[in-house]
Amino acid sequence: MRDPRGLEGAEGAAYVVGWYRRGRNLIIGDIADEVARRVERAGSAVSGAFLEPTIRLGVTGLSRAGKTVFITSLVANLMNRARMGQLRAAAQGAIRAAYLQPQPDDTLPRFDYETHLAALTGPAPHWPDSTRAISELRLSLKVQPTGLVAGLRGPRTLHLDIVDYPGEWLLDLGLIEKDFAQWSRETLERLENRPQAEAFRAALSGADPAAKLDEPQAQALSAAFTGYLRAAREDGYSDCTPGRFLLPGDLAGSPVLTFAPLPPGEHGRGSLGREFARRYEAYKREVVKPFFRDHFARLDRQVVLVDALGAIHAGPQAVEDMRRAMGDILGAFRPGQNNFLSQIFLGRRIERILFAATKADHLHHSQHAKLTAIMEALLSDAKRRADYAGATTAALSIAGLRATTEDTVTHDGRALDVVRGVLLEDGRRAAFHPGHLPEDPAHLLTPARQGAPAWLDEDYAIMRFAPQPLSLKPGEGPPHIRLDRAAEFLIGDRL
């Protein structure tokens, strides 16, 4: 381009005018191109919304409930549907194809489906590693309408975006409506008689919340509290918040994860108590709220996996803790009067929530109905506790992967229903009977609510089984228990 400063008179003036017009036209052209691109993107989005609808399914779990196995087996069985007889669209042949596609969120890690499936179905099967952060996977289903409209409409595509996130993060939502004093009081009440908290109680007894902040002491208190949370989760307790203490990621060692509950009292400026309260509020602001704003509020359906058998084995206090946690979870799905939640939901609600008791393969099928009844009773109590009204809810007992076979043996002169499998600890094959679950769930829930230290009538055992080698026929996914019924409840109405 020529420099107009070297021109004089009419020639220079004409050049400047032409240069201005060309520049203006370039700018207007750029703007027009950008508008066109935006209109095209918007049109594609609108078209996609009508022609290729999407269901965002959240999957989370409480304390070793088996999220990774559930997601892996669900996807595998939707792609190979021979074992999905209770999913009507599969039974009727409406699902013509299922295939994985790139996920829509480029900033989220992809759920490592292929690696997890290889772990479960390879020649030396083993349980896959647990996911420790949020991840996503898109499964697209090509569906041919059936019935009267079958001949009028061609196949359509439904995208199922599965969002996997830790259950501890879900329970963190309950912190948003609590200040530090309330959270401290409730947490200290819960751990008062728990042996897992002995080291933390000892560390807390030597601390003065009103004294000037001493950072090494603050770190020691936080570490002791984190140790309690890990031990409680390991022993079957559900409400282990704040959840990022257990899964810190790149926040490990930061002040936002360096606090602990403290006894009530007046805490002046610069004191340990005042600083812990400030860090607690920062945790809610910088960790909890962004997760629910960016991910949780965008979900359409939700699965909450619960290791109910593990809690029953741990005793009445663990069952009561699980019941309270389920109430807190239901509260998370109903914004209520909280301004923050009302803003992030923007009128949206989760449409369906499934609470699923996992590891049903640890029981003979004759006891599955009892386990489901216990889950239904827990869900009913949780709904009352949360004053819940909103999404359709259901309870179910399932196994993402069946790791046992059933048998009946003679014990003390009577027939006893057992399951057989390979023990995870030493590889031995064993027959296992965990105890008889009660016909009436109140026989468990009443002593749990009353704070009983142990079950009076029966001890409930638990074993950890390894996955068994599989021989899958063409079209078969991994063997499961009621995964097809779970899928029917969660997405069947949209297929």
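These numbers come from the heavy atoms of this one structure, side chains and all, not from hydrogens, waters or symmetry mates.
- For the salt bridge (Lys or Arg N to Asp or Glu O under 4.0 Å) test, no residue two or more places apart in sequence or in another chain qualifies with R485.
- In this structure, A133 and W169 approach most closely via the heavy-atom pair CA-CH2, 4.0 Å.
- Around atom CD of E198, no more than 12 heavy atoms belonging to other residues, nucleotides or ligands sit under 6.0 Å away.
- With sequence neighbours left out, T392 forms a side chain to side chain donor-acceptor pair (under 3.5 Å) with no residue at all.
- A donor-acceptor contact shorter than 3.5 Å links the side chain of T404 to the backbone of D361.
- The side-chain contact (heavy atoms from CB on, under 4.5 Å) test with F296 is passed by exactly one of V288, L170, V163: L170.
- In plain terms, the two heavy atoms of Y165 and G58 that are nearest each other are CE2-CA, 4.4 Å.
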- Message: As a quick check of understanding, evaluate side-chain contact (heavy atoms from CB on, under 4.5 Å) for V418 and T408, giving each step before the final call.
- Response: CA-CA 6 Å; V418 299; T408 300; over 6 Å; no

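- Using modelled atom types and a 3.5 Å distance limit, the side chains of R384 and S380 yield a donor-acceptor pair.
- Side-chain contact, E406 with H365: a donor N or O sits under 3.5 Å from an acceptor N or O.
- Not counting sequence neighbours, the partners of T72 by the side-chain contact (heavy atoms from CB on, under 4.5 Å) test are T68, F111, Y113, H116, L117, L120.
- With a 4.5 Å cut-off on side-chain heavy atoms, L57 and D300 do not count as touching.
- In D294, the CG atom is crowded: over 12 heavy atoms of neighbouring residues, nucleotides or ligands sit closer than 6.0 Å.
- When only modelled atom types and interatomic distance are considered, H368 and R482 share a side-chain donor-acceptor pair under 3.5 Å.
- D484 meets the salt bridge (Lys or Arg N to Asp or Glu O under 4.0 Å) test with no other residue; sequence neighbours excluded.
- A donor-acceptor contact closer than 3.5 angstrom is absent between the side chains of S130 and K67.
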Which atom pairs, donor and acceptor, lie under 3.5 Å between side-chain atoms of residues 473-480 and protein residues at least two apart or in another chain?
residue: E476; atom: OE1; partner: R83; partner atom: NH2; Å: 3.1
residue: E476; atom: OE1; partner: K473; partner atom: N; Å: 3.1
residue: H480; atom: ND1; partner: L483; partner atom: N; Å: 3.1
residue: H480; atom: NE2; partner: R83; partner atom: O; Å: 3.0

Just distance, no hydrogens or angles: give the donor-acceptor pairs under 3.5 Å from side chains in residues 439-450, sequence neighbours left out.
residue: D440; atom: OD1; partner: A442; partner atom: N; Å: 3.0
residue: T446; atom: OG1; partner: A442; partner atom: O; Å: 3.0
residue: R449; atom: NH1; partner: D381; partner atom: OD2; Å: 2.6

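- Every salt bridge (Lys or Arg N to Asp or Glu O under 4.0 Å) that R88 has, sequence neighbours left out, goes to E488.
- Legend: residues meeting salt bridge (Lys or Arg N to Asp or Glu O under 4.0 Å) with D407, ordered by chain and number and at least two apart, are R420.
- By the side chain to side chain donor-acceptor pair (under 3.5 Å) test, Q182 is found to be paired with E186, residues two or more places apart in sequence or in another chain being considered.
- A cation-pi arrangement, defined by a distance under 6.0 Å to the six-membered ring centre and an angle within 45 degrees of its axis, is absent between R244 and Y283.
- Neither side chain, Y280 nor D179, offers a donor N or O lying under 3.5 Å from an acceptor on the other.
- In summary, the aromatic rings of F259 and W183 are positioned with their centroids under 6.0 Å apart.
- Remark: K284 pairs with E281 by the side chain to side chain donor-acceptor pair (under 3.5 Å) rule, at least two apart or across chains.
- When all heavy atoms of A466 and L424 are compared, the pair lying nearest together is CB-CD1, 3.8 Å.
- Among pairs with a residue in residues 308-328, those fulfilling salt bridge (Lys or Arg N to Asp or Glu O under 4.0 Å) read R194-D321, E320-R323, E320-R324, D321-R324, D328-R385, at least two apart in sequence or across chains.
- At a cut-off of 3.5 Å, with distance as the only test, no side-chain donor of D417 or Q367 sits close to an acceptor on the other residue.
- A salt bridge does not link R138 to D105: none of the charged nitrogens lies less than 4.0 Å from a carboxylate oxygen.
- The side chain to side chain donor-acceptor pair (under 3.5 Å) check on S184 picks up nothing, with sequence neighbours excluded.
- Interatomic distance, I350 CD1 to Q302 CD, rounded to the nearest 0.5 Å: 6.0 Å.
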